[in-house]
Every structure is written in C-alpha cells, then in structure tokens.
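Order of the sequence lines sets the chain letters (A, B, ...), proteins ahead of strands, with each chain counted from 1.
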2 protein chains.
Amino acid sequence: VAANLDKIFKPASIAMVGASNVRAKWGSFLLLNLMAGGYPRENIYPINPREKEIHTLPAYPSLSALPVVPELAIITTQAAAVPSILEECGNLGVKDVVVISSNFSEVGEDGAGLEKELVEVARKHELRLVGPNTMGIVNAERKLFAVGAPIQLHPGKISFVSQSGNVGANMLGWTMNQGIGFAKFVGSGNEAILKAEDYIEYFGQDPETALILAYLEGVENGRRFMDIVSRTAAEKPVIVLKSGRTEAGGKAAMSHTGSLAGADEIYDAAFRQAGAIRADTSQDMLDLAKSFERLPLPVGDRVGVVTLGGGWGVLATDALAPVGLHLAELDDKVMRVCNELLPAFWSHGNPIDLVGNIYMDTHIAILEAMASSPQVDAIIALGSLGTGTIIGLTVLVSHRLIMEMSEDAMKGFFTELKDRNLNFLRKAKELMRTYQKPIIFVEMQFIGDESLRDLEAGEVAIFTAPEKAAVILAKMLQYGRYRDKVRNSPQ
Amino acid sequence: VAANLDKIFKPASIAMVGASNVRAKWGSFLLLNLMAGGYPRENIYPINPREKEIHTLPAYPSLSALPVVPELAIITTQAAAVPSILEECGNLGVKDVVVISSNFSEVGEDGAGLEKELVEVARKHELRLVGPNTMGIVNAERKLFAVGAPIQLHPGKISFVSQSGNVGANMLGWTMNQGIGFAKFVGSGNEAILKAEDYIEYFGQDPETALILAYLEGVENGRRFMDIVSRTAAEKPVIVLKSGRTEAGGKAAMSHTGSLAGADEIYDAAFRQAGAIRADTSQDMLDLAKSFERLPLPVGDRVGVVTLGGGWGVLATDALAPVGLHLAELDDKVMRVCNELLPAFWSHGNPIDLVGNIYMDTHIAILEAMASSPQVDAIIALGSLGTGTIIGLTVLVSHRLIMEMSEDAMKGFFTELKDRNLNFLRKAKELMRTYQKPIIFVEMQFIGDESLRDLEAGEVAIFTAPEKAAVILAKMLQYGRYRDKVRNSPQ
C-alpha cells in the first residue's frame with residue numbers, strides 16, 4: 001500500500017525546528033514564505049532555544065516544550081543536529097518530517113555517514129521523512145508554502161515531485177507568470193527514506209491531483225519505480241522529465257564518451273512501457289502539463305487543421321508525420337460547410353485555409369464541423385485570435401491618421417475586441433466539451449505573452465508554434481492509448 | 001551579378017496603384033500602414049481614377065498623370081488590371097514594382113494564364129517585380145512599411161525573405177514584442193520574376209544587413225538557389241526554415257505516404273553543404289536570429305556551464321552531447337578562482353555549481369575565469385539573473401509581514417535590483433567583447449517575458465531552457481566552421 005503522506009501535505013500544525021530571525025538563513029525565509037503564503041500562523045510553532053520570538057511568532061526551546069504534538073516537523077538546523085531531533089520526533093509521536101537541512105550524502109563521506117544515522121533513527125521510529133537536502137513542500141490549496149524560494153502558486157490539479165530543488169523551484173517560479181495551477185509540490189532531496197515513486201504513488205491516490213509531473217535524475221529501484229508508475233498512469237497522466245542520462249558513468253565520463261547513450265534509451269523504453277509521458281525539455285513539461293490538464297484526450301491520430309493563412313497550415317502539416325499523426329480526411333458535411341462559408345477557391349481539403357477571413361462565426365462554424373466529424377480526432381486552430389488584433393491595430397493606425405474617435409470610443413472598441421476573442425474561446429471550449437476532442441490554438445501574431453495568458457484563463461491551451469501543438473497532441477494520444485489498453489485488459 | 005533591388009527597398013517615391021478609401025481593401029490598409037510607419041507622405045502618390053483624395057493624400061487618375069516618375073509602384077488592383085499597369089510602368093520607366101494583388105497562379109488555371117501575361121510584360125520591360133500575391137515589403141530604417149499587416153518593426157540588422165506572407169507577417173508581428181530588430185522584409189509571393197534567392201543575394205550585398213532569414217516552402221531552381229546561398233553564407237549567416245517538405249507529392253499525398261520523407265533529407269544535406277543554418281521551428285528561427293545577431297561565434301565545441309544550482313547544470317550537460325558539444329575541462333586558473341570564491345564542497349568541475357551564491361561579483365569573476373580560459377569556447381550561464389528576483393521577493397515577503405520600509409525605500413530597493421542585473425549583464429557583455437566568446441543566459445525563475453526583454457535590451461540573449469542554449473551554440477558553431485572553411489580555402 002502507498003505511504004499515507006496526508007500529514008506531510010495537509011498538516012494541522014507545523015513545528016519549524018531551527019527557525020531563525022537571521023534573515024539570510026533557511027530557518028528565516030522558509031518561515032517567512034510559510035507565513036506569507038497564508039498558512040494559519042497560530043498553527044506554526046518556531047523552535048529555537050535562543051529566541052523568545054521569531055518573526056512575530058512565539059518561539060519554543062524544543063519540540064518537547066510545545067503545547068501540542070505538531071503533525072509535521074520541518075527541520076532547518078545544522079545537519080549534525082538532525083539525528084537527535086528525529087529521535088525527539090519519534091519519542092513524541094511526530095511521525096512526519098521534512099528535513100530541509102543539507103550537508104548529508106550530497107557532500108561526500110562525512111555527510112553520507114550522518115545520513116546513515118538519520119536513516120537508522122527514521123526507520124526505528126517509522127518516520128515518513130522528506131529529504132534531507134530538500135527544497136521543501138507545497139500544498140497550494142491549503143496555503144502551505146514550506147519552500148526555500150518565494151513561490152506562491154495558483155491552486156490547481158497538477159502535482160509535481162522534483163529530484164532537484166533547484167529545477168523544481170525554477171519551474172514553479174516560471175508557472176507563476178504562466179497561469180498554470182498546482183495542487184502539490186515536493187522536492188525529494190536525497191531520498192533517504194521517501195523516494196520519488198512514493199510521492200507519485202501518493203499523488204496517484206490523491207483526489208486533489210489530476211496530473212503528475214516528475215523531474216528525475218536517477219532512480220534507485222527501477223522495478224519498484226516502473227511498477228508504481230504503470231499502476232498510477234492507468235488512472236492519471238504521469239509526465240516525466242528525465243535528465244542525468246548518464247548517471248552510471250558520472251558527469252566527467254559522460255562528456256568524453258558516447259557509449260552510455262544506451263542507458264537513456266532503456267529509460268525511454270521503460271517509461272513508454274509504464275505509460276509515462278516523457279517531456280523533452282523543462283518548458284515542454286510545463287506545456288504538456290497545461291494541455292493534459294485542460295484538454296480532452298484525442299482518441300485517434302487524425303488531425304484537422306484550420307488556418308488563417310496557408311503557410312501556417314503547411315508548417316502544421318509538416319509537424320504531424322514526424323510524431324505519428326496525420327491529416328484527417330474531410331467528410332461531406334465539413335466540405336459542405338466550407339463551400340458555403342468560404343470563397344470558391346478555398347483549399348478544398350485539410351488544412352482548411354480561411355484565407356484571412358476575420359468573421360469569428362465562420363471560424364466557429366468550421367471548427368464545429370470539424371469537431372463533429374467522425375473522421376477528425378483533434379484540431380489545431382491557427383491564427384483565429386490574431387484576427388481581432390489585426391483589426392484592432394488597423395483601426396488604431398487609421399485612427400491615428402484619419403478617423404475621429406474619442407478616447408472612450410477607442411477603449412470600448414478594444415474591450416469589444418478582447419470580448420470577441422473571449423467569446424470565441426468560450427464557444428471553442430463548448431465544442432471541446434460537447435465533442436470531447438482537443439482543440440489547440442496557435443497564435444504568434446501581435447499577441448504578447450501576457451495577453452495569451454489572459455485569454456487562456458487557465459482553461460484552454462494557446463501556443464506560439466504549430467510544431468508544438470503537434471508534439472503535444474501526439475503525446476496526449478500516446479497516453480490515451482496506454483490508458484485504454486490497461487483499462488481494457490483483463491486484470 | 002545580383003539584381004539591384006535598391007529602388008524596391010529604398011524608393012525615393014512610391015505610386016500606390018489601386019489605393020482606396022474603402023477601409024476593408026488592401027489598397028486602403030496598405031496605404032494606412034505606410035503612412036502610419038512614417039514614410040514621407042509627400043513622396044506617396046495614390047492612384048485611383050475615381051477619387052480626388054485618399055486618406056488625406058491627393059489622388060491621381062493614372063501613373064502617367066503623376067508629376068514625377070515614381071521610383072517604385074505598389075499595385076493592389078484587381079488581378080486582371082495588373083498586366084496593363086505593368087505595361088504603363090514599363091513605358092514610363094518605372095522598373096521596380098511590387099504586385100500585392102492576388103488571384104494569379106495560386107488560384108488555378110485562369111490565374112496561371114494571367115500570371116503568364118504578367119511575366120511576359122515584366123520580361124519585355126525588364127521589370128524587377130516582387131510577387132504577385134505578396135504580403136509586401138519593409139525597410140525599417142527607412143520607415144517603409146508597405147505590408148498588408150499592421151507591423152511596425154524595430155530597426156535592426158536582420159533581413160528576412162518569406163515565401164508565405166502569412167508566416168512572415170506572423171513572425172514579424174511576434175518580434176514586435178520580443179525586442180528583435182529588422183533591416184528588411186519581403187514576402188516573395190508567387191515569385192513570378194524575383195525568386196527567394198534573388199532577395200538572399202541582395203541581402204548578402206546589402207551593408208545594412210548582417211544576418212539573413214528565409215522561410216521556404218519550395219525552391220524552383222535548386223542549383224541556383226544553393227549556389228547563391230553558399231556564396232552568401234561565406235559572408236553572413238543564412239538561417240532557413242523549410243516547410244512543405246513533401247511539395248513534390250502535394251499536400252494530400254503527403255498525409256498518406258511516408259515515402260517522400262527523403263526529399264527533406266536531401267534539402268537538409270543541401271542546406272548543410274551550402275552553409276545555411278536550418279531552424280527546426282518558427283520560434284527557433286527567431287531565437288537563432290537573436291543569438292547570431294548579438295553574440296560572437298564560438299570557435300570550438302567546448303562549453304563551460306555555470307549554474308546557480310546543480311539540477312539545471314545536469315539538464316544543460318545532457319543537452320550538449322546530442323548536438324555535438326561537450327563540457328570543457330576546467331584549467332588550473334579556473335579551478336583556483338573557484339576554490340577561492342566558492343565553499344569547499346563546490347563541484348570541482350564543469351558544470352560549476354554556485355550552490356545558490358547570490359553575489360554577482362562572484363558570478364562575474366567565475367564567468368571571466370571561464371571566458372579567459374583557452375579550454376573554453378562558449379558559456380551557458382544559468383540562474384544568475386534570478387538571484388536578484390529571489391532576494392527581491394524574499395524582502396517583499398518579509399516586508400509585508402514584518403519590516404518597516406517606506407514605499408519610496410521599497411521602490412528604490414527594486415530599482416537597485418534591476419540595476420544589479422543590468423550591471424551584471426553589462427559586465428558579461430564586456431567579457432563577450434574582450435574574449436570573443438558567446439555567453440548565453442538561461443533564466444526561468446520568477447521572470448516574466450516582459451522583463452527578460454527589458455534585460456536583454458537587444459544586446460544579449462536570454463532563454464528559458466538550457467536545452468535551447470545548447471542547440472543555439474551548436475548551430476552557431478556549425479556556421480562558424482562553414483565560414484572558416486570557405487574563407488580559408490583557395491578560390
């Protein structure tokens with residue numbers, strides 16, 4: 001059975017062992033982040049024998065001196081002090097611990113000796129222990145931001161385990177600007193007790209998690225890991241970014257030999273077999289996360305492409321074959337709708353070239369014809385949102401030169417343009433819901449990142465390159481097929 | 001010899017044949033864009049027999065009625081009228097023409113017949129003709145924005161020919177938010193007279209162009225194209241995005257057979273031999289353009305990696321081998337500098353892990369040691385800029401909770417943080433200049449796109465994924481090696 005990590009991610013009270021008023025210390029900014037994030041202050045207990053008060057909260061000399069038994073202890077002391085603190089935790093019945101402190105196995109032999117001690121104490125008391133040398137944990141919904149970086153995530157349905165605190169924190173920081181929401185995060189640190197796969201298993205059973213991300217550098221027990229992942233992926237997508245491809249040979253060796261490349265192929269095959277979706281880069285992982293969270297899975301490989309102009313359609317078409325997708329055949333109904341709405345010289349095939357048509361009703365009608373076609377499994381829509389901006393800038397230009405339009409009228413006009421896009425996206429979302437097919441939007445023209453995020457509103461996925469849309473659809477299809485295969489096979 | 005296209009890109013006067021007051025027409029918004037872009041109004045001559053004035057400018061009934069012979073004619077009339085207008089151009093001595101009008105060969109047989117007529121007239125009068133069916137032309141420095149999209153580019157040293165007006169306009173529109181500057185743009189349209197390679201050749205000899213971009217769907221005369229590209233690439237980088245991989249078989253065939261994939265490999269080999277750098281996606285092309293424009297070329301494949309934390313270093317290292325780069329060996333001097341500035345447990349090798357060090361002087365000192373090392377050809381710097389934001393957000397958090405700081409003091413503090421980053425980048429630019437080695441910055445954490453663009457200030461390249469930095473360095477090296485080989489070979 002999976003370790004129950006509820007008290008780690010949903011503690012009713014937290015002891016901060018090693019809390020500090022010295023601003024440069026982890027014991028200080030971790031506590032500040034936790035407070036700033038909105039975790040109830042009355043349930044935070046700073047522990048420090050030399051202070052009466054830490055950052056406005058009353059401090060206690062030791063765990064034993066607390067008025068309650070805290071559900072979680074977060075430790076930021078010197079490494080050498082950690083084993084005895086764990087002993088105290090065990091004796092008091094505090095079974096859940098996050099060890100932020102570093103200088104364990106990651107710094108060489110001395111540290112490894114100390115980590116062995118830590119493991120012995122933790123095993124003796126059956127502690128559920130995160131770390132050591134971890135960046136910390138997050139539960140966005142519960143306003144639990146016990147991390148060593150000033151991260152305040154939007155609540156969402158994605159949970160993320162990272163074997164590098166640094167990579168994890170960077171990726172999370174990035175999502176703060178990207179409108180991507182998270183349920184839970186954990187930096188697994190040195191994984192002395194709890195391993196990456198334990199968190200994956202927990203997230204798999206967590207009702208607040210719909211989608212799991214894992215940044216991995218290496219896996220100790222490959223069989224256990226793959227076993228957990230394959231069971232988890234039968235229920236929820238597991239997206240993996242795997243680096244340290246050559247950990248067997250170490251970093252130095254890696255740069256001088258190509259011979260270890262095979263190790264990565266083995267990982268690749270194992271991930272595929274276990275139903276994990278592999279991201280190629282950190283940015284890809286976030287793009288995949290967003291898409292898996294927001295869009296229905298495609299059930300086949302036939303893609304409809306609708307484009308404001310021919311060139312983008314060609315780029316999108318080119319991107320399909322290399323990832324195993326292909327252009328859908330247009331059925332009679334789609335042809336009829338297009339014949340009715342488009343000029344006679346329209347492309348008469350897929351991609352459907354709207355040749356600059358700026359009427360959103362036409363865009364929607366053609367998207368609906370595509371979405372309702374039994375021959376189409378997924379749609380890439382190129383340039384629809386840009387039409388509003390084209391109109392807007394053209395009017396703006398002519399206004400500056402010629403037209404008489406008051407500031408108010410101008411503002412109203414641009415509000416209308418934004419509404420027009422939001423209205424289009426609302427209808428597109430309905431199509432996705434109704435027909436349960438993904439529509440990915442691609443926009444490059446004249447739209448800054450900020451406004452793309454505004455338009456997405458956490459509910460659709462807009463990218464800036466058609467190639468990206470194809471890769472994402474292919475990986476969603478790969479996952480859907482895995483899930484169906486597992487679900488339909490006799491247990 | 002190359003066609004002299006100076007009058008197309010630097011016309012002293014322009015006749016707009018087909019100019020219109022009807023706002024939805026190309027003859028209207030093309031003129032509006034041209035005026036809005038700042039091209040001198042007194043040198044624009046709208047031609048329309050049914051109007052006295054168009055968008056505040058006096059209109060003329062025909063080219064022959066003009067008080068001057070314009071240097072360039074831009075035609076937006078119905079297709080059928082174009083051949084006779086070209087005849088008039090030829091008779092008047094107007095040798096340079098941009099045919100925006102569409103409905104030529106791109107719409108089938110009737111249009112193809114008309115295009116044949118157009119070609120005959122153009123050849124008879126030896127016209128230099130852009131199009132037909134082109135998005136238009138841009139010369140940012142001269143404020144010439146004769147394009148059918150509301151694009152106002154920053155002036156710069158990049159020139160761009162696109163076989164799709166749609167793709168070209170989208171990419172240009174995107175750069176308006178990205179701080180990338182352009183010298184010239186042309187949509188080559190149907191290429192009835194002037195071909196993509198003619199523009200490449202012209203850009204190659206254009207002193208205002210340092211770098212050439214080409215979006216290609218197909219090339220008619222492969223030998224001539226490759227010949228021109230290889231001569232041009234000996235002087236300036238030529239970055240190519242090639243789509244329509246299977247044009248031989250047409251779109252429909254493409255989606256059902258894999259047999260034509262080889263055609264793309266032939267293109268790939270030809271581009272490589274001709275020294276053209278191939279971009280994988282539209283976004284990649286812009287990322288490459290930015291990097292080639294701003295950074296010195298690496299002279300070898302040994303990369304130094306400096307990282308704020310270990311995980312990013314691993315991702316960066318992983319990204320090197322697949323693109324033919326490898327980690328540089330650190331020489332004694334670099335080791336000495338690191339031993340002096342970093343804690344004893346630093347990585348003692350490349351990547352250099354700064355383990356969270358937030359002192360920018362340390363970052364610069366280590367970058368300088370790397371840049372000055374004869375064993376390092378290029379540098380990837382991960383996370384340096386983020387340190388300021390980490391400090392900033394941490395202070396902001398603690399301020400909200402505890403500290404007493406006036407609004408003014410707070411503002412001053414954040415100005416200081418930005419100055420800190422700008423100061424760091426200024427020093428890094430000096431290092432690039434002094435040692436003539438590229439440094440690519442990678443930042444993901446807490447930095448929105450807007451502020452990345454601010455920090456770049458058009459002079460450095462900051463990306464959000466280490467994998468991107470590796471791909472770019474590899475392509476810069478590929479180009480540098482081509483150029484050196486060509487320059488060093490006896491003619």
Side-chain angles (χ1 to χ4, degrees), chain A residues 23 29 32-33 35-36 55-56 107-108 149-150 164-167 169-171 173-174 176-177 217 243-245 251-252 254-256 258 280-283 308-312 314-315 317-318 321 326-327 345 349 383 386 390 393-394 397-398 400-402 444-446 448-450 464-465 467, chain B residues 23 29 32-33 35-36 55-56 107-108 149-150 164-167 169-171 173-174 176-177 217 243-245 251-252 254-256 258 280-283 308-312 314-315 317-318 321 326-327 345 349 383 386 390 393-394 397-398 400-402 444-446 448-450 464-465 467:
Chain A
R23 228 172 281 283
F29 57 76
L32 287 171
N33 278 342
M35 292 166 72
H55 297 328
T56 74
V107 295
S164 157
N166 171 236
V167 169
N170 272 282
M171 289 182 59
W174 185 244
M176 290 164 65
N177 298 313
E217 298 193 342
S243 79
R245 294 174 182 169
K251 285 183 203 170
M254 169 170 59
S255 65
H256 296 294
D280 293 324
T281 69
S282 40
Q283 188 65 59
L308 193 65
W312 281 129
V314 177
L315 282 176
T317 303
D318 272 356
H326 62 261
L327 285 172
F345 59 85
I390 293 171
L393 289 177
T394 303
V397 159
S398 53
R400 275 205 207 114
L401 296 168
I402 298 140
M444 205 170 203
Q445 187 164 314
F446 315 123
D449 263 20
E450 309 292 294
T464 56
E467 301 88 348
Chain B
R23 228 171 282 282
F29 57 75
L32 288 171
N33 278 343
M35 293 166 72
H55 297 329
T56 73
V107 295
S164 158
N166 171 236
V167 169
N170 273 282
M171 289 180 59
W174 184 244
M176 290 164 66
N177 299 313
E217 298 192 342
S243 80
R245 293 174 183 170
K251 287 184 201 170
M254 170 169 57
S255 64
H256 296 293
D280 294 323
T281 69
S282 41
Q283 187 64 60
L308 193 64
W312 281 128
V314 176
L315 282 175
T317 303
D318 272 355
H326 62 260
L327 285 172
F345 59 86
I390 293 171
L393 289 177
T394 304
V397 158
S398 54
R400 275 204 208 112
L401 296 169
I402 299 140
M444 204 170 205
Q445 186 166 314
F446 316 121
D449 263 20
E450 309 293 293
T464 55
E467 300 88 348

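The two residues Val167(B) and Trp312(A) come nearest to each other via the heavy atoms CG2-N, 3.4 Å. Between Thr464(A) and Gln283(B), the shortest heavy-atom distance links the atoms OG1-OE1, 3.5 Å. Among all heavy-atom pairs drawn from Glu467(B) and Asp280(A), the shortest one is OE2-O, 4.1 Å.
Of the residues considered (Gly349(A), Ser164(A), Gly383(A), Ser282(A)), Ser282(A) shows the highest number of contacts with chain B, using heavy-atom pairs under 4.5 Å.
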